Structure formats: structure tokens, C-alpha cells
Colleague: 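Handing you a structure now.
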Amino acid sequence: MIKAIRGTRDLLPPDTALWNFVETTARAVFREYNFQEIRTPIFEATELFARGVGEDTDIVSKEMYTFEDRSRAESDKGQSLTLRPENTAGVVRAYIEHNLWDRGLNKLYYIGPQFRRERPQKGRYRQFYQIGAEVIGPTTAGSESPARDAEVLEMLATLLNRLGIQGWTLQLNSVGCANDRPRYVEALREALRPVVGQMCVDCRRRAETNPLRVLDCKVPEDQPIIEKLPRMKDYLDESCRQHFAEVQKILNTAGVPYSLNDRLVRGLDYYTRTAFEFTHGALGAQNAILGGGRYDGLSEAIGGPKAPGIGFAIGEDRLVLSLTEAAETVAPKPDAYIAPLGPGMNAEAVKLARDLRRAGAIVEVGDETFRLKKSLETASKLGTRYAIILGENEAKSNEFALKNLATGQQQTVPRGELAAKLRA
RNA sequence: GUGCCUGUAGUUCAGCGGUGGAACGCCGGACUGUGGCUCCGGAUGACGUGGGUUCGAAUCCCACCAGGCACCCCA
């Protein structure tokens, strides 16, 4: 049997109704904040991700679906292409390519699949879906303002609340900028040198490859050591410090709850200053339902003008997962099941169904060869509210037997009044 | 990519060397134009795939594939 490949899956009803609910709600909230939709290609030049996301990140170094395109000339090598592992780089590429700021566009959102070749796990798939948004523009547009950070965070809180998600936590940190972070990393390296020998094997490796990751370690024995390491907040330069303080001040005023976590580091190279994560307790190890932050240098890193930005990506798969526990799925049930009885009644049934549907009803139609018993049984199974019996008598008199399947009550209704009765 | 656990009917699972089962669901009948309840009957399936051990394998062993949990990392 041919099956969906590892890490991919089919989304089936009734779950698809939930996905649509999430997407519809997100679009509505984004709309209120004046974001507009952008759709970028699902694959891009590999170079975009190498330069944008960062050559040394896990995503780029070992998780990308990369392939060589066919070349036109036999002698030429095909271009290296990659299925997008995230969407921010693509949006920024489009921003540069189409001079979006000159068209008055600086708040964009996207919804779509992304691809990373990781080992699948609950809440982690090789084709997964992200809902994200970006604020990006020249400095003169205020895109560097802490008000943008706070506005984005407040929008996310609004969205999660409107989706009915209970018990989320916003973790907030500042990871500094190109100016102060190298100094911090250096300080961290030095502080680690004498103590790293006492730490877990992972930390010993991280101390070499990416010292910031040591802060993320969850091994209990390492915690006392980590507590004593230097902290980013003590190394922020004046502008970063003020920026971060201002973000917090606005969040306090707006009533958005958050907790500071100076061990929150992000895995993508392009993040600067504000970094954040919304987590949800009921998701196991993959507890981050969304993450994001500021990326003031990304545009320049991929050859564009200076264009500070801030954005986030929601893991839609995880969001839906945290939703299925609380929310009952509301798949719409048909309003009526038409049971045609006997030769020639199919045609009448389809015509009647068309008229009722035009009046706004959800209608299911049986078949004239079905016995009435079977039709009613099917209608009950579908959860339909009414059954309409359409036999020769009804066709002649133009009055139909309308049966309420919940109460069992049945009445005779003239054709013209059927739609109104269904709505009642 | 690493470690551990798990793959048996549409679903949830029992069976753990000797002719593959239960519940629910599905189909039909009792009941030829009246469902839900009840009763009766029926079909389920390469026991994840391939190899090995054995007189004999769903059961034991190996490899692969897939899922779950944790790590790594991330949404």
C-alpha cells in the first residue's frame, strides 16, 4: 500500500474544521492590526536560507530538503533549490525584490506549509504549517520602535485568547544586537572555560559550537553552574537596554502578562533584541506553540537595504493540538435529508434540494431505490435535524412529510414553506 | 541523527510457539412509506514489510518501514 511519507499526514474532517477555525480567526485578528496577506513560493534558492537563517544553524546544516534543479544546458549545473524551512526569509526576500515599502506595505502575514527533515514526533512534522506575520520597513517608518514589538505581542495574546486557548505563557528576553552580543558570547566562553568540565556532555559540546545554547540545558546537575554564568541583560548596550525596557513598559500598560526569561535563546541567526516564545503546558516536549523576535539585520544579510523588522511564526499543528483538548469540534450537521421513494423521485429530490440549498440550508439527498427505513437510518447517523419524505403522493400534492428526527414528530408542509420550517 | 517503547478487523485492543478473537463501528434481516431501542445473521484481516529459527511463527531472532516518548533542535 502506498502511504503518506514519513513526517507528513492527511488532515481529515472533523479536524479540518478546526484548522479552518484557527485560520479564519487569525485572518480576522491580523486584519484588525492592518496586516495583509503575502504568499511566497514554497521553494527558494538555497542561498537565501543559508544567508538568511544562518549557515551554522541546525535548520540549514542538517534539516533542509535541498535538491538540484535541472539545468537548461547539459554542461551547466542546475541551481540548488530548497523547500522553505521557514517563511521569514522568503517574506524579506519579497520585500526587497518588490520594494514593498515603496508600495506602502510593511505589515504582512502568511499561512502555509514549511518543510524540515527532522525526526517526527507529536507536534513535529516534516511538512508542518505556520501562521506568521512580519513588520518590516525602513527605520524612518518606525519599524525599529519598541511599540512594534509590543503591538505584535499584544496581537498574539489577543489571538490566543480569541481562539479560546487557556494557560499560555509568554516568555520574553532580549538577545542583544550585533554590537553587544559578541561581547556577551565572549564573556560566556570565558566563564565556561573553568567549569565546563563538570557539565553534561551536551553542554561541553555546546560550549564550543554555540555557547548560548548552554543556557537552554535542562540537566538538573548543571543548573547551579548555569545560575552563576553571566547574563545577557548585563551586557546589553544602552540602546538595546532602553529598547527592551520600553517594550516591557508598553506590555505592562496594555495588560499583557509575560515572564522574563534570560535563558531564552533562539536558534536562528537573524534574531536581535526582542526574542519571545509562547508556550503551552499540555504539549509535552514540543511545548512552544509560537516563537519569534526582532531581526534588524536580516534584510542586509541577504543583500537588501537596512530594514529592521519583527515577526513570529505560530506552529499551527501545535496550536490545533492544544485546541482539541478544550474545544469541542463544531462540524456543521446537515439541516435536512431528502428521502426519495420510488422510480423517478431522484429527479424531484435533486430539484427540491437545489431550492432548499439556495435558501441557505445544508441538504443531503438519498436515493430512490433506498427503503425509507434505510434513508431515515442514514439521516439519523448523519445527525440531520429533519428528514423530508418525497414519494409519489408528495410529488402529486406538492406537500411533503417533514420529520423532526430528534422528536420523531412529523408534519405535512407545502413545498413553499419547507425552507422556512428548516430554519425554525 | 541517537536511545527506549509500540505496530493484529474501519477503530480501540486481547491473543505471546499448535486451525486468528472481543467490543464498538459497518452491512443485511425481523419491520415492502417511518430511524434511534431490542433481537437475529453477515463480512471483515497479506497479524507493518522482508528474511531467519522451528515439524509448525501473529507469537522467538535480525533487518527495514512506520508511529509514540525522550534527546538534539525547533513552530
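Chain identifiers are assigned alphabetically (A, B, ...) following the order of the sequence lines, protein sequences preceding nucleic acid strands; residue numbering begins at 1 within each chain. Values in this document were obtained by computation on a predicted structure and should not be read as measured data.
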Colleague: Measure OH/A/Y125 against C1'/B/rG67 and give the value in whole Å, please.
Modeller: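 Rounded to whole Å, this separation is 10 Å.
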Colleague: Using both distances under 3.5 Å as the test, list the Watson-Crick or G-U wobble partner of B/rA9, or none.
Modeller: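 Paired with no nucleotide.
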Colleague: Taking only residues two or more places apart in sequence, or in another chain, which ones meet A/Y125 in a ring-ring contact (aromatic ring centres under 6.0 Å, His included)?
Modeller: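 Residues passing ring-ring contact (aromatic ring centres under 6.0 Å, His included) with A/Y125: none at all.
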Colleague: Would you indicate which nucleotide in B/rA66, B/rA75, B/rG28 comes nearest to any side-chain atom of A/K374?
Modeller: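 Closest nucleotide to the A/K374 side chain: B/rG28.
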Colleague: Which pairs would a plain distance check flag for residues 376-391 of chain A, meaning a side-chain donor or acceptor within less than 3.5 Å of a matching protein atom at least two apart in sequence or in another chain?
Modeller:
unit_1, atom_1, unit_2, atom_2, d
A/T378, OG1, A/K374, O, 2.8
A/S380, OG, A/L376, O, 3.0
A/T384, OG1, A/A379, O, 3.3
A/R385, NH1, A/D335, OD1, 3.2
A/R385, NH1, A/L422, O, 3.3
A/R385, NH2, A/L422, O, 3.1
A/R385, NH2, A/A424, O, 3.1

Colleague: Can A/Y65 and A/E63 be counted as having a side-chain donor-acceptor contact under 3.5 angstrom?
Modeller: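 No - no donor-acceptor pair under 3.5 Å links their side chains.
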Colleague: Determine, step by step, whether A/R415 and A/D355 satisfy the salt bridge (charged side-chain N to carboxylate O under 4.0 Å, His left out) criterion, reporting the C-alpha distance in whole Å, the side-chain angles of both residues, the deciding distance to 0.1 Å, and the verdict.
Modeller: CA-CA 10 Å; A/R415 181 180 181 119; A/D355 293 343; 2.8 Å; yes
Colleague: Touch check for A/A313, heavy atoms < 4.0 angstrom, all strands: base, sugar-phosphate only, or nothing?
Modeller: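 Since only primed, P, OP1 and OP2 atoms lie under 4.0 Å of A/A313, the category is sugar-phosphate.
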Colleague: Heavy atoms under 4.0 Å, any strand shown: does A/G383 hit a base, just sugar-phosphate, or nothing?
Modeller: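 Result for A/G383 = nothing.
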Colleague: Let me know the distance between CD of A/E377 and C1' of B/rA30, rounded to the nearest Å.
Modeller: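 Rounded to whole Å, this separation is 13 Å.
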Colleague: Tell me the interatomic distance from A/K373, atom NZ, to B/rA30, atom P, rounded to whole angstroms.
Modeller: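 My rounded result for the distance is 8 Å.
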Colleague: Base, sugar-phosphate or nothing for A/G408? Non-hydrogen atoms, less than 4.0 Å.
Modeller: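 Base, at least one base atom sits under 4.0 Å.
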Colleague: Looking at the base of B/rU34, is there any donor atom on it, or on the side chain of A/K403, that sits under 3.5 Å from an acceptor on the other one?
Modeller: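 Donor-acceptor pair under 3.5 Å: yes.
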Colleague: Kindly write out the residues that satisfy ring-ring contact (aromatic ring centres under 6.0 Å, His included) with A/Y295, not counting sequence neighbours, or none if the list is empty.
Modeller: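 Testing A/Y295 for ring-ring contact (aromatic ring centres under 6.0 Å, His included), a comparison that skips the adjacent residues, returns A/Y270.
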Colleague: For the side chain of A/Q410 and the base of B/rG35, is some donor closer than 3.5 Å to an acceptor across the two?
Modeller: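 In this structure, the two groups form no donor-acceptor pair.
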Colleague: Check nucleotides 39-45 of chain B against the protein and report each pair of N or O atoms closer than 3.5 Å, with its distance, or say if there are none.
Modeller:
none

Colleague: Return the value, rounded to whole Å, for the distance between atom CG of A/N87 and atom P of B/rA75.
Modeller: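 That distance rounds to 13 Å.
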Colleague: Measuring only the C1' atom in each nucleotide, how far is B/rC65 from B/rA23? A whole number of Å is fine.
Modeller: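 So the two C1' atoms sit 30 Å from each other.
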Colleague: Just to verify, what does A/P211 make a side chain to side chain contact (heavy atoms under 4.5 Å, CB included) with, not counting sequence neighbours?
Modeller: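 A/P211 satisfies side chain to side chain contact (heavy atoms under 4.5 Å, CB included) with A/V185, A/L188, A/R189, A/L192 once adjacent residues are dropped.
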Colleague: Counting only side-chain heavy atoms from C-beta out, which of B/rU34, B/rG1, B/rG35 sits nearest to A/R117?
Modeller: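 Of all the options, the side chain of A/R117 is nearest to B/rG1.
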Colleague: Do the side-chain N or O atoms of A/Q121 get closer than 4.0 angstrom to the phosphate oxygens (OP1, OP2) of B/rA70?
Modeller: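 Checking B/rA70 against A/Q121, a side-chain N or O does come within under 4.0 Å of OP1 or OP2.
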Colleague: Using heavy atoms to find the nearest nucleotide of RNA chain B for A/R6 and A/I289 separately, return the residue whose nucleotide is more 5′.
Modeller: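 Its nearest nucleotide being more 5', the pick is A/R6.
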Colleague: Could you pull out every donor-acceptor pair under 3.5 Å between side chains of residues 23-30 of chain A and any protein atom, sequence neighbours left out?
Modeller:
unit_1, atom_1, unit_2, atom_2, d
A/T24, OG1, A/N20, O, 2.7
A/T25, OG1, A/F21, O, 2.7
A/R27, NH1, A/E37, OE1, 2.8
A/R27, NH1, A/Y109, OH, 3.1

Colleague: Whole angstroms only, please: what is the NZ-C1' distance between A/K333 and B/rG36?
Modeller: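 These atoms are roughly 15 Å apart.
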Colleague: Regarding A/Q409, tell me which of base, sugar-phosphate or nothing describes its non-hydrogen contacts under 4.0 Å with the strands shown.
Modeller: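 The residue A/Q409 makes no contact with any strand.
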Colleague: Do any side-chain nitrogens or oxygens of A/R371 fall under 4.0 Å of OP1 or OP2 in B/rG33?
Modeller: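 The answer is yes; a side-chain N or O of A/R371 sits under 4.0 Å from OP1 or OP2.
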Colleague: Ignoring hydrogens and angles, answer whether the base of B/rA75 and the side-chain atoms of A/R124 contain a donor-acceptor pair closer than 3.5 Å.
Modeller: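 In this structure, the two groups form no donor-acceptor pair.
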Colleague: Any strand counts, and the cut-off is 3.5 Å on both contacts for Watson-Crick or G-U wobble. Which nucleotide pairs with B/rG28?
Modeller: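 Because both required distances fall under 3.5 Å, B/rG28 counts as paired with B/rC40.
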Colleague: What's A/G132 touching, base or sugar-phosphate or nothing? Going by heavy atoms closer than 4.0 Å.
Modeller: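 Nothing: the residue A/G132, judged by heavy atoms under 4.0 Å, touches no strand.
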Colleague: Taking any heavy-atom pair under 4.0 Å as a contact, classify A/A339: base, sugar-phosphate, or nothing.
Modeller: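 Here A/A339 touches no strand at all.
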Colleague: I need the CD-P distance between A/E118 and B/rG68, as an integer number of Å.
Modeller: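 To the nearest whole Å, that distance equals 13 Å.
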Colleague: If I take atom CG in residue A/L376 and atom C1' in nucleotide B/rC31, what distance separates them, rounded to the nearest angstrom?
Modeller: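 So the CG-C1' distance, A/L376 to B/rC31, works out to 13 Å.
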Colleague: Describe the nucleic acid contact of A/L341 in one word from base, sugar-phosphate, nothing, applying a heavy-atom distance below 4.0 Å.
Modeller: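 If one applies the 4.0 Å heavy-atom cut-off, A/L341 turns out to touch a base.
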Colleague: Atom OG1 of A/T169 and atom OH of A/Y258: how far apart are they, to the nearest 0.5 Å?
Modeller: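 The distance works out to 14.5 Å.
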Colleague: Considering only NZ, NE, NH1 and NH2 on the basic side and carboxylate oxygens on the acidic side, decide whether A/D317 and A/R124 come within less than 4.0 Å.
Modeller: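 The answer is no: the pair does not qualify as a salt bridge.
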Colleague: Taking atom types as they are modelled, would you say the side chain of A/S380 forms a donor-acceptor pair with the base of B/rG36 within the 3.5 Å cutoff?
Modeller: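 Answer is no: no donor-acceptor pair is held.
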Colleague: For the pair made of CD in A/E277 and C1' in B/rC73, what is the distance, rounded to whole Å?
Modeller: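 About 11 Å, once rounded to whole Å.
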Colleague: For RNA chain B, whose closest nucleotide is more 5', that of A/G391 or that of A/A4?
Modeller: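 In this pair, the answer is A/G391.
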Colleague: What nucleic acid atoms does A/N393 come within less than 4.0 Å of, heavy atoms only: base, sugar-phosphate, or nothing?
Modeller: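 Base: the residue A/N393, judged by heavy atoms under 4.0 Å, touches a nucleobase.
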Colleague: Any N or O donor-acceptor pair under 3.5 Å from the base of B/rU2 to the side chain of A/R119?
Modeller: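 Side chain to base: pair found, below 3.5 Å.
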Colleague: Using the P atom as the point on both nucleotides, what is the distance between B/rG68 and B/rU11, in whole Å?
Modeller: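 Roughly 16 Å separates the two P atoms.
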Colleague: Could you measure the distance from the CZ atom of A/F35 to the NZ atom of A/K107? Nearest 0.5 Å is fine.
Modeller: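 Between atom CZ of A/F35 and atom NZ of A/K107 there are 5.0 Å.
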Colleague: Closer than 4.0 Å, any side-chain N/O of A/K381 to the OP1 or OP2 of B/rC26?
Modeller: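 Yes.
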